[in-house]
Amino acid sequence: MRRQKTFVETKPTLYLVATPIGHLDDISKRALDTLKQAQVIYAEDTRTSAKLLKHYAIDTPLKSFHKFNETARLEGILNDLKHSASVCLISDAGSPLISDPGENLIKAIKSKGYHISAIPGPTALIPAVSLSEIATHPFLFYGFLPQKNTARTKVLKTLASQSFTLIFYEAPHRLHATLKNMYEVFGARKLTIARELTKMYEEIIETSLDAYDKIPILKGEIVLIIEGAQALDNLSQEDMIEHVKLLIEDGLSEMDAIKKVAKLRSLKKNVVYMAYQRYKQNNQENNQE
Ligand code: SAM
């Protein structure tokens, strides 16, 4: 068990400081004070962070910390903490460690008995889900999906029966491929695209995954919010599968049976399809044992 009484015991501390996701005013007074008073600030891209620090006349020395030098930097950061009261970690935008590097650093600092303290503030997923018409509770934040189609499909399939609202980060050049992929796995669920939050070209698009091919080319930074799977209790799942099986026995093709059950029960086709595929897979596995 590790217990940290952040403000009762004084120890050298690494501060995880949240910085704006676009609008430079979105930074707390406490974040600015902490950045000013630190002995050193580690930043993902020192050129990007230098602009923020210049805007607020902060002249604390900046050093780089990114995914390519994360391991090489560990010793240096631990050494800085040995000789300083406070060191800060910031990312290019938003909250450090949220789809940004730092996990191993946190582990190393904890193992040395130093403190870690978060100065909370902006993060892109929160305004995106607040602005969406899709349920804000409960939600599951995934971050970036794998870039390759096969790996991405595999992850999406593991999320297909999840009833929580799903939140993803995505790069604009992969947007259409990802949405197509999501439509293939999730079906026509509600979709919100939150783009360039807090910036001049902020845009919120509320649509559905079946309109993926009508979405224009979008630039900038993007958060995707997807409606969760429709929840069905076990009893109605079994009943629904029995219904599909009966229609197949009556001569309908699997797909037509699924479509008919979905229509008769006012369910999305994808919900019936996924439940039936899961049933078939379980059956196959049981027969192999
Ligand atoms: N640490 C950041 C946070 O707390 O949200 C996330 C860093 S991650 C490397 C960058 C991704 O966050 C972008 O590709 C985009 O998906 C999302 N993002 C960051 N700023 C955004 C903004 N202003 N509007 C929409 N999405 C944003």
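On a predicted model such as this, the values are computed, not experimentally measured, just so you know. Indexing begins at 1, ligand by ligand and atom by atom, following the structure's order. Hydrogens, waters and symmetry mates play no part in the numbers below; they use all other heavy atoms, side chains included.
Regarding atom 16 (O) of ligand 1, its nearest protein heavy-atom neighbour is Ile222 O, 2.6 Å. Atom 2 (C) of ligand 1 has as its closest protein heavy atom Ala93 O, 3.2 Å. Tyr169 OH, 2.7 Å is the protein heavy atom nearest to atom 5 (O) of ligand 1. The shortest contact between atom 6 (C) of ligand 1 and any protein heavy atom is with Ile98 O, 3.3 Å. Of the protein's non-hydrogen atoms, the one nearest atom 25 (C) of ligand 1 is Glu221 O, 3.2 Å. With respect to atom 7 (C) of ligand 1, the closest heavy atom belonging to the protein is Asp100 OD2, 3.3 Å. In terms of protein heavy-atom proximity, atom 3 (C) of ligand 1 is nearest to Thr123 OG1, 3.3 Å. Among protein heavy atoms, atom 26 (N) of ligand 1 sits closest to Val223 CG2, 3.4 Å.
Contact between Thr198 and ligand 1 is absent, with no heavy atom of the residue lying under 4.0 Å from the ligand. Contact analysis puts Phe144 in contact with ligand 1, with a non-hydrogen atom separation below 4.0 angstrom. Ligand 1 is never approached by Ala171 to a heavy-atom distance shorter than 4.0 Å. Contact annotation: Gly22 has no heavy atom less than 4.0 Å from any atom of ligand 1.
With a 4.0 Å heavy-atom cut-off, ligand 1 is reached by the backbone of Leu197 and by its side chain too. Looking at Glu170 against ligand 1, only its backbone comes within 4.0 Å, counting heavy atoms. Contact annotation: for Ala124 versus ligand 1, heavy atoms closer than 4.0 Å belong to both the backbone and the side chain.
In this structure, the side chains of Ile215 and His176 come closer than 4.5 Å at one or more pairs of heavy atoms.
Distances below 4.0 Å separate heavy atoms of Glu196 from the following atoms of ligand 1: 23 (N), 24 (N), 25 (C).
Close N/O approach between Ile21 and ligand 1 is found [any backbone or side-chain N/O within under 3.5 Å]. Considering backbone and side-chain atoms together, Gly94 places no N or O closer than 3.5 Å to any N or O of ligand 1.
Put simply, Leu78 and Val87 are part of the same group of oily side chains (I, L, V, M, F, W, Y) that touch within less than 4.5 Å, one to the next.
Side-chain contact, Tyr279 with Lys245: a donor N or O sits under 3.5 Å from an acceptor N or O.
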